[in-house]
Structures are given as C-alpha cells and as structure tokens.
Amino acid sequence: MKSSGFLCGIVLCLELLYLVPAEPQPEPLQCSLIAGASALPVLQRTGDVKLGGLFSLHDMVLEADLSFTSKPVFNLRTYRWMQTMLFAIDEINRNDHLLPNITLGYKIYDSCSASFHALRASMELMGGVEEGWERSCRGMVPVVIGDGSSTLSVAVARFLGVFHVPQVSYFSSSSSLSNKAEFPSFLRTIPSDMFQVNALVQLIQHFGWTWVGVVVGDDTYLLEGAQIFSEEVQKVSVCMALHEIIPRNHTAGAMASIVARIRSSGSRVVLVFALEHDTVALFDEVLQQGLIGVQWLTSEAWTTAFVLSTPSRFLPILQGSLGFAIRRLVHLPGLQEFLLHLNPLNPDTPKDPFLPIFWEEVFGCSLQGAQGGSVPGFKPLCTGSEKLENVRNIFSDVSQLRVTYNVYKAVYAVAHALQAIKNCEKGRGTFPLQNCPDTDSLQPWQLLQYLKHVEFFNLYGDEIKFDKNGDPAAVYDLLNWQLGANGQVEFVTVGTYDESLGTKKLHIQEEDIIWNRNQTTIPVSVCSNSCPPGTRKAHRPHFPVCCFDCVVCTAGEISNQTDATECVRCLPEFWSNEGRTACNHKEVDFLSYGDIMGITLLTVALLGSLCTATVILIFACHCATPIVRANNSELSFLLLFSLALCFLCSLTFIGRPSEWSCMLRHTAFGITFVLCISCVLGKTLVVLMAFRATLPGTNSIKWFRPPQQRAIITLCTLAQVVICSVWLAVAPPTPRRLTTHESDLAILVCDEGSALCFSLVLGYIGLLASLCLLLAFLARKLPDNFNEARLITCSMLIFCAVWVAFVPAYISSPGKYSTATEVFAILASSYGLLACLFLPKCYIILLRPEKNTRTHLMAKKF
C-alpha cells in the first residue's frame with residue numbers, strides 16, 4: 001500500500017506541475033506529496049540543476065519478500081560508468097565557458113537490473129522526499145541519464161514519456177526505442193540495433209558467408225534484434241544454419257543441446273547476440289565439449305567484455321573473434337585519476353552509498369567494525385592501505401572507453417541543451433510567441449525540446465546530435481580479438497562502419513585480421529560450396545536456398561560465373577568448350593580427305609578410274625578385234641572416257657567446299673553422266689537399228705551411222721549443258737554452314753542454290769536412263785551370239801536402282817553424309833556401267849580369245 005500511495009502522490013504532483021505555465025506566475029500552485037515513500041540508496045549532490053541517473057550496479061536482485069540463495073553481484077563496469085557521469089558533471093562545473101554560474105548536481109539510483117527497481121527509482125527521481133526540502137514536488141529532476149539495459153529503459157521510458165521527462169540512455173540499443181509514438185521523450189548516445197544489424201549483414205556479405213548461425217539470449221529486445229538480423233541477412237541470400245535461444249537459467253542440458261546443434265549445423269560462422277553472463281555460460285559449454293573451428297561474431301553487448309577477454313581459458317575458442325563495438329575514445333584526460341582517487345576511508349570522498357560495496361568487492365575485505373582486525377567467518381577487515389592503482393580490473397581499465405564515452409557524451413548533451421536555454425534571447429525562443437524557458441523554474445518538456453535539437457562538436461572532434469528518432473550517428477569500430485605479446489587479449493580495430501557514408505559504409509583492412517585458431521585465410525561458411533564456372537546451382541528439395549548441388553551445364557550451354565543459377569545456351573554458330581565456361585566457334589566439319597569416309601570414297605573413285613583406264617588400254621591393244629569393233633568402237637571409247645570422268649568428278653565432292661568447287665561438282669556430275677548415258681543410249685539405238693536393218697525393205701540404218709550417233713550424243717549432252725548454265729546463272733550452288741543447337745559441329749556443305757535446277761539435272765539424267773532401259777529391254781531377245789542389249793539392260797537396271805534409292809537417302813542424310821550419299825551413288829552407278837558393259841568383253845578378249853571372231857559373234861543364237 002505504501003508503494004501505491006507513493007505512486008499516486010507522484011502522479012498528482014506531476015499533473016499539477018504541468019498546469020503551471022512556462023512563464024513565472026505571481027503565486028505558483030503548490031502540491032503536497034502523499035507520505036509513505038520508501039527510501040532507496042541514492043548518490044546525490046545539490047545543484048542549480050540536478051541530473052537524474054539510473055545505473056544497474058547489481059546484476060542480481062535480493063528482494064525482502066523472496067528467498068535467494070546467492071547474493072547480488074556488483075558490476076564494476078557499470079560502477080565506472082556511474083563515476084564517469086560524476087566526472088563529466090565535475091568537469092562541466094569547473095568549466096568557465098559552459099554553464100557559467102550554474103552548478104549541476106546529480107541524483108543517482110541503482111536500478112539493480114530489474115524493471116521493478118528501475119521504475120521505483122524513476123518514481124523517486126520524479127519527486128521523492130529529500131532532506132532539507134519542503135514536502136512538495138520540487139525534488140523532481142528535469143532529465144534522467146540511463147538506463148543501460150534496453151529492457152529497463154523501455155519500462156522507464158514509458159513512465160517518463162507520459163510526463164515528457166527527457167531520458168538519455170548510454171547503452172540501450174533496442175530498435176523499438178526509436179519509435180517516437182511510443183517513447184516520445186527517449187534519446188540515446190548509442191546507435192540503434194538496426195544500424196548494428198546493417199553492419200553485421202554487410203560484414204557477412206563482404207566475406208561471402210552464406211551459412212550463418214545465430215545464438216541469442218532470452219531477452220525480449222535481444223530476440224527482437226536477432227529477428228531483425230535474420231530477416232535482413234536473408235534478403236542478401238544468406239541462410240540461417242540455426243537459431244538458438246540461451247535459456248535464462250542456463251541449464252546444463254539446454255546449453256549442451258545448443259552447442260551440439262552448432263556442431264551438427266556445419267556452420268563455421270556463428271553470431272552470438274547476447275549479454276555477458278549468457279555468453280559466459282555458452283562458452284563454458286563450448287569449452288567442455290571441445291567445439292573448435294567456429295568463427296564467432298560478437299554483438300555489441302559483449303564485443304569488449306572483460307569477463308570473457310580476461311580469463312585465459314576462453315582464448316582457444318575466442319581468439320580471432322570479430323564484432324562491432326561503438327566508437328572508442330582513445331583517451332579521456334583526467335578520468336583514470338578521478339577513478340583511482342576513490343577511497344571510502346578518505347574523509348574528502350563524497351558520501352556514496354555504493355562505494356563501500358564497490359570497495360569490499362574489489363579488495364575482498366569488510367569495512368564494518370574496527371580497522372585492522374578480523375572477524376571469524378566473515379571477510380577480513382580492510383586495513384586502510386588498499387589502493388585502486390595496485391589492482392587491475394575492469395573498473396580502472398580505461399583502454400576501451402566506449403560505453404563510458406557514451407555516458408560522458410550524454411551528460412554534455414544535457415549541459416549544451418541547458419546552455420542553449422540559458423543563451424535564449426526573449427523574442428527568439430523556440431516556444432509559442434517565441435518565448436524562452438525560465439531557468440529558475442525549468443520544466444522537463446522544455447529541456448526535452450532543446451535536447452532534441454542540440455548539436456555541437458566536443459573537445460575530441462566528435463559531433464553530438466540526435467536525429468528525428470533520438471538516435472545518434474551510427475559509427476562502429478570493427479574489432480578483432482588478437483593475442484598480444486603479453487598473452488592478453490587485444491581488441492584490434494580492423495575496420496569501421498559509418499552509416500553516414502552513403503553506399504560504402506563498411507571499410508575493412510583484411511590484412512590485419514587474425515582469424516580463429518590463428519589463421520590468416522578467410523574462413524568459409526557455406527551450406528554448399530560455390531558452383532564453379534561451367535556448372536549451375538540446383539536447389540536441394542526441403543533445404544534452404546543456400547543448400548544446392550552443382551550440375552554441369554549440358555553440351556552447348558555455358559556459365560562463365562561462380563554460382564550461376566542457370567546455364568546460357570550458345571548461339572547456333574558456337575559450341576561450349578570442354579569446361580562449359582565459354583562459347584567457341586563450332587568446329588567445321590565436311591567430307592574431307594582426312595577422315596575415314598573421305599579416304600574410302602577417294603580410294604574407290606581412284607580405283608574405278610584405274611579400272612576404266614585399264615579397260616581403255618585393253619581395248620586400245622585389241623582395237624582390231626571383232627568384239628571391239630562391233631557396235632562402233634568409237635562409241636565404246638567415248639563411253640569409257642565419260643566413265644572415267646564420272647569416277648573423277650566424284651573427287652570434287654570431297655574436300656572443303658568453296659564457291660568454285662560447289663559449282664564444279666554439280667555441273668561436272670550432271671554433264672559427265674549425261675555424256676555417259678548418251679553414249680549408252682547411242683549404243684542401244686545402234687543395236688536396235690542393226691537388227692531392224694536386216695528386215696526386208698528397211699533402210700533405217702542410214703539414220704544411225706557414226707555421224708548421226710555423234711549428233712545424238714552432242715544434242716543430249718548440250719541440253720544438260722544448257723540446264724547447268726541456267727542453274728549457274730540464276731542460283732548457283734554455294735557453300736553453307738549447317739548449325740544446330742544439338743551438335744558441336746558446323747557442317748559445311750554445298751547448298752544446291754536452286755532446288756528446281758538440281759531436280760532438272762537429276763530428272764534429265766533419269767529420263768535418258770529410263771529411255772535406255774526401255775530400248776535395251778526391247779532389244780534384249782534379239783538373236784545374236786553377243787547381244788549387247790542384255791548388258792545395257794542390266795547396267796541400266798543397276799543405274800536406275802541406285803539413283804531411285806539415292807533420292808530418299810540424300811534427303812534423310814544429315815550434313816556431310818548427304819554428300820557422301822551422292823558420291824556413293826555416282827561411284828556405284830559408274831561401277832555398274834563399267835562392270836556390266838565392259839567386263840564381259842574384257843573376259844572374252846583376255847580369257848576366251850577363240851570367241852573373239854567374226855564368225856562366232858555373227859552366229860545366231862536364240
């Protein structure tokens with residue numbers, strides 16, 4: 001009931017205060033405080049303006065109505081922060097240029113790391129009863145410096161925000177505190193966690209880590225920061241290998257399970273987003289399980305934690321850790337001397353209820369009772385000879401002035417806001433009617449307006465100002481835990497992050513970084529290794545997007561970058577190289593003299609020419625014999641000559657096609673074959689007319705004498721020459737590349753140019769061959785011992801069969817095989833004519849000379 005009465009009195013007092021106008025009134029309203037406030041330990045000093053302070057000096061709370069088995073732990077680091085506030089106030093009071101003739105006082109409470117105690121202390125700051133003051137609300141402070149924890153600051157800010165009392169925190173980084181609708185009077189000198197998250201995301205992206213784990217303390221605002229990190233990091237294609245929460249009670253089973261999951265995840269980079277006591281519990285378990293090879297990323301809350309960097313037992317796992325810390329002040333003149341001057345036994349030391357607790361914690365002695373004695377079962381009594389300069393601990397360590405510097409800047413921000421109020425000229429103020437605040441009755445909401453717009457450079461070159469959300473400029477140092485020459489951890493600055501630098505906010509000196517286990521190469525943390533050029537990523541079902549397999553690009557496709565999501569098909573004229581990394585011009589393929597098919601056809605063609613030449617030689621040697629002279633020997637020699645040309649024209653189809661070779665091969669083929677068939681046609685007509693001339697009253701033989709035979713051959717051949725000439729004039733055959741996406745070769749062939757002309761050439765040859773076949777078939781049964789019509793019939797059957805089969809084979813054969821098909825048809829039909837027409841005659845000439853007589857040849861045979 002006492003607490004409730006105290007709260008009601010505070011609210012009543014504050015409501016009446018806000019009814020008082022900014023300008024002085026003749027008779028200001030008075031309010032009285034409801035009695036019943038409980039006393040809390042307070043460190044205070046009077047002044048013209050008194051600054052409130054909240055510091056969590058104890059990490060554990062010992063409540064009267066609860067039972068605890070352990071005592072609260074006094075935090076030496078937080079005590080240094082509190083002393084820094086006193087140092088800054090003392091420095092301002094001694095400054096003749098800043099707030100001259102105005103003395104700053106302070107009123108500081110221990111919030112005990114508990115929201116209950118933080119709120120209770122805040123109520124005391126809003127109007128608790130003070131000695132020497134009337135029982136009124138005049139004990140209210142116009143501004144509060146603190147608290148450190150985001151959880152506590154949220155509770156305090158909600159309370160102070162109702163009455164527009166400005167609160168300047170030095171270590172509360174939760175991004176939710178930037179919400180001015182919920183926390184209108186909250187400001188801070190530490191950047192928001194949102195900026196830290198951005199810095200961590202860019203750090204992970206810079207080193208190419210795509211498989212990252214997060215371990216977070218069980219705190220509302222730590223969980224909020226870790227969740228923002230998870231969302232932001234996934235936007236840059238980074239996957240979460242694990243997301244574990246450290247329980248508040250640090251049970252052995254839960255801690256062992258977290259470490260086991262870190263090990264099984266395969267992630268070599270783990271961010272620990274937690275407070276110091278949570279990280280100690282985690283790394284104790286890491287040491288116990290012997291987990292090594294993990295690159296730990298620190299959150300700002302424990303980047304320079306003394307409890308982790310000082311014990312040498314953590315060095316094997318934490319050496320090489322990397323993390324961001326708020327900007328460090330290298331040296332704050334006079335601070336260390338101020339800290340070391342403290343001594344509760346010195347009568348000149350200001351009355352401080354927390355100093356005895358601090359002293360006993362540092363020296364392990366008791367200030368109770370007579371000095372120099374000893375009480376059995378308790379701490380030994382302090383001797384009075386203890387000196388802080390003889391002790392090395394986090395309190396006296398001023399090498400990492402980061403949060404300490406934030407406290408210093410917070411005090412100076414308030415001082416400069418007060419200076420701006422003091423310098424306000426009537427008629428130029430920031431309030432309605434351009435009024436200025438009355439420094440004798442300064443209201444918190446008035447100070448809040450000036451604090452929001454404060455902007456100055458301090459003695460160390462840093463600009464102090466707040467943005468619209470009450471946040472300062474986000475500047476971080478990137479720290480690397482390295483082992484110094486003295487065997488102690490050194491926090492080496494290896495980079496910076498400045499939110500105000502546009503696109504290139506992060507700058508890193510990679511050569512200065514020492515990684516985990518004293519390595520100098522950047523650790524790799526990926527679910528799947530990067531896919532090299534020539535492959536593409538194939539997502540694994542039921543796995544995050546960072547887990548994939550590397551699939552080699554199919555033939556004809558390439559990927560020329562790492563981690564390609566798909567392969568790109570080469571243009572039709574190109575083909576992928578063996579590594580599938582580049583498209584090269586396709587290898588040109590044609591029926592060449594170098595491949596087996598070309599060599600075979602060449603051999604067969606030359607052999608046919610040789611056989612034809614042999615037959616010509618045989619016929620020349622036996623030109624006077626009846627079998628050679630029969631049926632016009634001149635026609636036989638012309639036929640053999642045309643057959644030799646047929647064999648030789650096939651050679652023009654072998655080799656790299658060119659414009660001249662393409663025109664030559666088709667025209668030579670068409671003309672030589674027509675010449676050959678014309679000769680056969682002439683022989684057929686001679687045979688047929690020779691037998692018809694024996695009939696009584698027939699004189700048709702005179703139309704088929706040698707001059708007429710030559711005329712027939714010339715006219716037939718001339719017709720083909722005309723067709724070929726028109727072909728070459730209208731659309732001559734030209735070389736052409738045949739390319740497809742499925743083949744690695746570009747087939748170089750001769751395009752016919754005009755399909756009609758090509759069909760006419762073949763059709764004309766077919767017409768003459770059909771005519772020969774018909775006439776020879778009619779003359780096949782004529783009586784003669786050596787009826788050449790039978791041989792012509794057989795040769796024409798072979799010729800027609802070959803060329804009828806050629807048409808579908810030519811159409812269906814791809815690339816150079818169509819050329820080979822045409823060459824084969826030429827050679828096959830040429831061999832058929834040579835064998836059928838001349839092989840029997842050579843047989844008689846060489847092996848059966850007794851039949852090579854006129855009597856035998858003229859004998860009737862039916």
Side-chain angles (χ1 to χ4, degrees), residues 14-29 45-53 85 88-107 125-127 137-145 160-169 180 183-189 408-459 462-473:
L14 290 174
E15 288 176 345
L16 291 175
L17 269 176
Y18 279 92
L19 294 175
V20 179
E23 298 190 8
Q25 298 293 325
E27 295 181 1
L29 295 175
R45 189 175 77 179
T46 59
D48 298 316
V49 179
K50 186 177 287 189
L51 277 60
M85 179 178 173
I89 291 175
D90 184 64
E91 191 176 72
I92 293 169
N93 288 337
R94 291 185 282 107
N95 192 330
D96 296 332
H97 303 287
L98 184 60
L99 296 179
N101 302 321
I102 294 180
T103 301
L104 296 181
Y106 49 80
K107 188 177 183 181
L125 290 171
M126 291 298 98
C137 296
R138 286 166 46 190
M140 177 180 179
V141 296
V143 64
V144 175
I145 306 295
L160 298 181
V162 174
F163 310 107
H164 300 282
V165 177
Q167 174 189 357
V168 185
S169 175
K180 294 300 100 179
F183 307 103
S185 62
F186 180 84
L187 303 97
R188 52 186 164 190
T189 54
Y408 184 83
K409 290 188 291 186
V411 175
Y412 266 84
V414 173
H416 277 268
L418 292 171
Q419 182 69 41
I421 293 174
K422 183 177 180 297
N423 295 338
C424 179
E425 297 180 7
K426 191 172 184 180
R428 296 183 179 180
T430 59
F431 298 113
L433 302 179
Q434 296 183 335
N435 291 331
C436 293
D438 184 357
T439 55
D440 295 328
S441 59
L442 181 65
Q443 299 301 312
W445 65 269
Q446 296 172 330
L447 178 58
L448 175 61
Q449 296 305 314
Y450 277 84
L451 258 177
K452 288 180 178 179
H453 298 94
V454 73
E455 184 174 352
F456 65 97
F457 285 90
N458 62 13
L459 295 175
D462 291 326
E463 184 180 18
I464 313 300
K465 66 177 182 179
F466 303 100
D467 64 14
K468 63 180 181 180
N469 297 320
D471 296 325

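Numbers here simply count residues along the sequence, with the first being 1.
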In sequence, state the C-alpha distance, the side-chain angles, and the governing distance for R188 and D471, and then conclude on salt bridge (Lys or Arg N to Asp or Glu O under 4.0 Å).
CA-CA 6 Å; R188 52 186 164 190; D471 296 325; 2.6 Å; yes
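- Taking CD from E91 and CG from N95, the interatomic distance works out to 7.5 Å, rounded to the nearest 0.5 Å.
- Atoms CE and CE, from M126 and M140 in turn, are 4.5 Å apart once rounded to the nearest 0.5 Å.
- Here the rule is side-chain contact (heavy atoms from CB on, under 4.5 Å) with L418, and of I102, L104, L451, D48 only L104 fits it.
- Under a 3.5 Å cut-off, the side chain of Q443 and the backbone N or O of S441 do form a donor-acceptor pair.
- Contact detail for L99 and Q419: the closest heavy-atom pair is N-OE1, 2.6 Å.
- Counting heavy atoms from C-beta outward, V414 and Y412 have side chains that stay 4.5 Å or more apart.
- To the nearest 0.5 Å, atom CD1 of residue I89 and atom OH of residue Y408 are 12.0 Å apart.
- Remark: side-chain polar atoms of K180 are paired, donor with acceptor, to backbone N or O of N469 under 3.5 angstrom.
- More than 12 heavy atoms of other shown residues, nucleotides or ligands fall within 6.0 angstrom of atom NZ in K422.
- For the pair V165 and P142, the tightest heavy-atom approach, listed with the atom from each and the gap, is CG1-O, 4.0 Å.
- Atom OG1 of residue T189 and atom CG of residue D462 lie 11.5 Å apart, to the nearest 0.5 angstrom.
- The nearest pair of heavy atoms linking G161 to P184 is O-CG, 4.0 Å.
- Side chains of I464 and F457 form no contact here, defined as non-hydrogen atoms less than 4.5 Å apart.
- K452 contributes atom NZ, which lies 11.5 Å from atom CZ of F466 (distance to the nearest 0.5 angstrom).
- To the nearest 0.5 Å, atoms OH (Y450) and SG (C436) are separated by 5.0 Å.
- Atom CG of N101 has 12 or fewer neighbouring heavy atoms from other residues, nucleotides or ligands inside a 6.0 Å radius.
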Under the side chain to side chain contact (heavy atoms under 4.5 Å, CB included) criterion, do V411 and I92 qualify, and how do the steps go?
CA-CA 9 Å; V411 175; I92 293 169; 3.7 Å; yes
Could you please spell out the steps behind the side chain to side chain contact (heavy atoms under 4.5 Å, CB included) verdict for Q449 and I421?
CA-CA 10 Å; Q449 296 305 314; I421 293 174; over 6 Å; no
Do M85 and L51 pass the side chain to side chain contact (heavy atoms under 4.5 Å, CB included) test, and can you show the C-alpha distance, the side-chain angles, and the key distance before you say yes or no?
CA-CA 10 Å; M85 179 178 173; L51 277 60; 3.9 Å; yes
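- Summarising the geometry of P166 relative to L448, their closest heavy-atom pair is CB-CD1, 3.7 Å, with the distance given to 0.1 Å.
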For the pair L98 and H416, evaluate side chain to side chain contact (heavy atoms under 4.5 Å, CB included) and give the outcome as yes or no after the intermediate values.
CA-CA 8 Å; L98 184 60; H416 277 268; 4.2 Å; yes
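- At distances below 3.5 Å, not a single donor-acceptor pair connects side-chain atoms of Q167 with backbone N or O atoms of V144.
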